[in-house]
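Only one structure is covered here, and it is reproduced in the block below.
Within every chain, numbering begins at 1; the chains are lettered A, B, ... in the order of the sequence lines, protein sequences first and strands thereafter.
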Amino acid sequence: MSSQHPAYAAIYAVVRTIPPGKVSSYGRIAILAGFPGHARMVGYALHSLHTTHDVPWWRVINAHGYISNAYHRDEQRARLLAEGVAVDARDHVNLHEYGWEAMNFREA
DNA sequence: CATATGACCAAAC
DNA sequence: GGTTTGGCCATAT
C-alpha cells in the first residue's frame with residue numbers, strides 16, 4: 001500500500017469494518033481509528049484512495065447524514081442503493097435506520 | 001516557511 | 001432547512 005501517512009492505515013482498517021448496508025460518518029471513523037476530532041484527515045485519506053478499491057469509501061458520509069463527496073456523489077449514491085441503503089433525492093440517508101452501530105445508540 | 005484549499009464537525013445565528 | 005465561525009490537519013503552490 002502507498003499510504004502517505006501512518007494514520008491512513010488505521011483509517012482504512014476502520015472503514016473496512018463497516019458492514020454492508022450500513023453507513024458511518026467521517027468524525028466517527030476518526031474516533032474509532034484513534035484520532036478524535038480529526039475528521040478532516042479521514043476525508044483526506046479517503047480522497048487519497050483515488051482508484052485503490054480496497055476500502056468501501058462509499059459507506060462514509062458526513063455527520064448530517066448527507067453525501068459530502070462532490071466528485072463521486074453519483075457513484076456513491078448508486079453503490080449505497082445497491083447495498084439496500086435508502087438514499088434521498090437530496091443525497092440524504094436516514095442515520096436512525098442505516099447508521100452503523102458505532103454511531104447508533106438505540107437498537108433495542 | 002507562509003497561504004490557501006479541502007470527500008469534516010459542532011456550535012451559533 | 002440554510003449560512004457563518006472557529007477548530008482540526010494534510011497537500012499543493
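- The nearest heavy atom of DNA chain C to Y44(A) and to A39(A) marks one nucleotide each, and the one closer to the 5' end goes with A39(A).
- Annotation: dC1(B) and dA12(C) have their C1' atoms spaced 14 Å apart (nearest Å).
- Position along DNA chain B of the nearest nucleotide to A70(A) versus H64(A) favours A70(A) as the more 5'-ward residue.
- Taking atom C1' in both dG6(B) and dC8(C), the straight-line distance is 12 Å, to the nearest Å.
- Which of dC9(B), dG7(C), dA10(C) sits closest to the side chain of S25(A) comes down to dC9(B).
- Among dA10(B), dC8(C), dG1(C), the nucleotide with an atom closest to any side-chain atom of R90(A) is dG1(C).
- Aromatic ring pairs are classed by plane angle as parallel below 30°, tilted from 30° to 60° and perpendicular above 60°; the pair H92(A) and Y66(A) is tilted.
- Taking the side chain of N69(A) as heavy atoms from C-beta on, and the options dG7(C), dA7(B), dG1(C), the nearest nucleotide is dA7(B).
- If you measure from atom CG of N62(A) to atom C1' of dG6(B), you get 14 Å, rounded to the nearest angstrom.
- Between the NE2 atom of H38(A) and the C1' atom of dT11(C) there is a distance of 16 Å, given to the nearest Å.
- One can place CD1 of I11(A) at 10 Å from C1' of dA10(C), the figure rounded to the nearest angstrom.
- Cluster membership for F35(A) and V55(A), using ILVMFWY side-chain heavy atoms within less than 4.5 angstrom, is shared.
- As a whole-Å value, the separation of R77(A) CZ from dA7(B) C1' is 15 Å.
- When rounded to the nearest whole Å, the span between OH of Y12(A) and P of dA10(C) equals 13 Å.
- Nucleotide dA10(C) holds its P atom 10 Å from the CZ atom of F35(A), rounded to whole Å.
- Contact annotation: the side chain of Y71(A) approaches that of H47(A) to within less than 4.5 Å [non-hydrogen atoms, C-beta and beyond].
- Atom NE2 of H92(A) is separated from atom P of dA7(B) by 21 Å (rounded to the nearest Å).
- Within the structure, side-chain hydrogen bond (donor to acceptor under 3.5 Å, both in side chains) contacts touching residues 78-89 of chain A (residues at least two apart or in different chains) are W58(A)-E83(A), R59(A)-E83(A), E75(A)-R79(A).
- Here the rule is side chain to side chain contact (heavy atoms under 4.5 Å, CB included) with V23(A), and of V60(A), L95(A), I18(A) only L95(A) fits it.
- For Y26(A) and dA7(B), a side-chain-to-base donor-acceptor distance below 3.5 Å is present, hydrogens and geometry of angles not being considered.
- Summarising the geometry, the separation between CD on E75(A) and C1' on dA7(B) is reported as 13 Å, rounded to the nearest angstrom.
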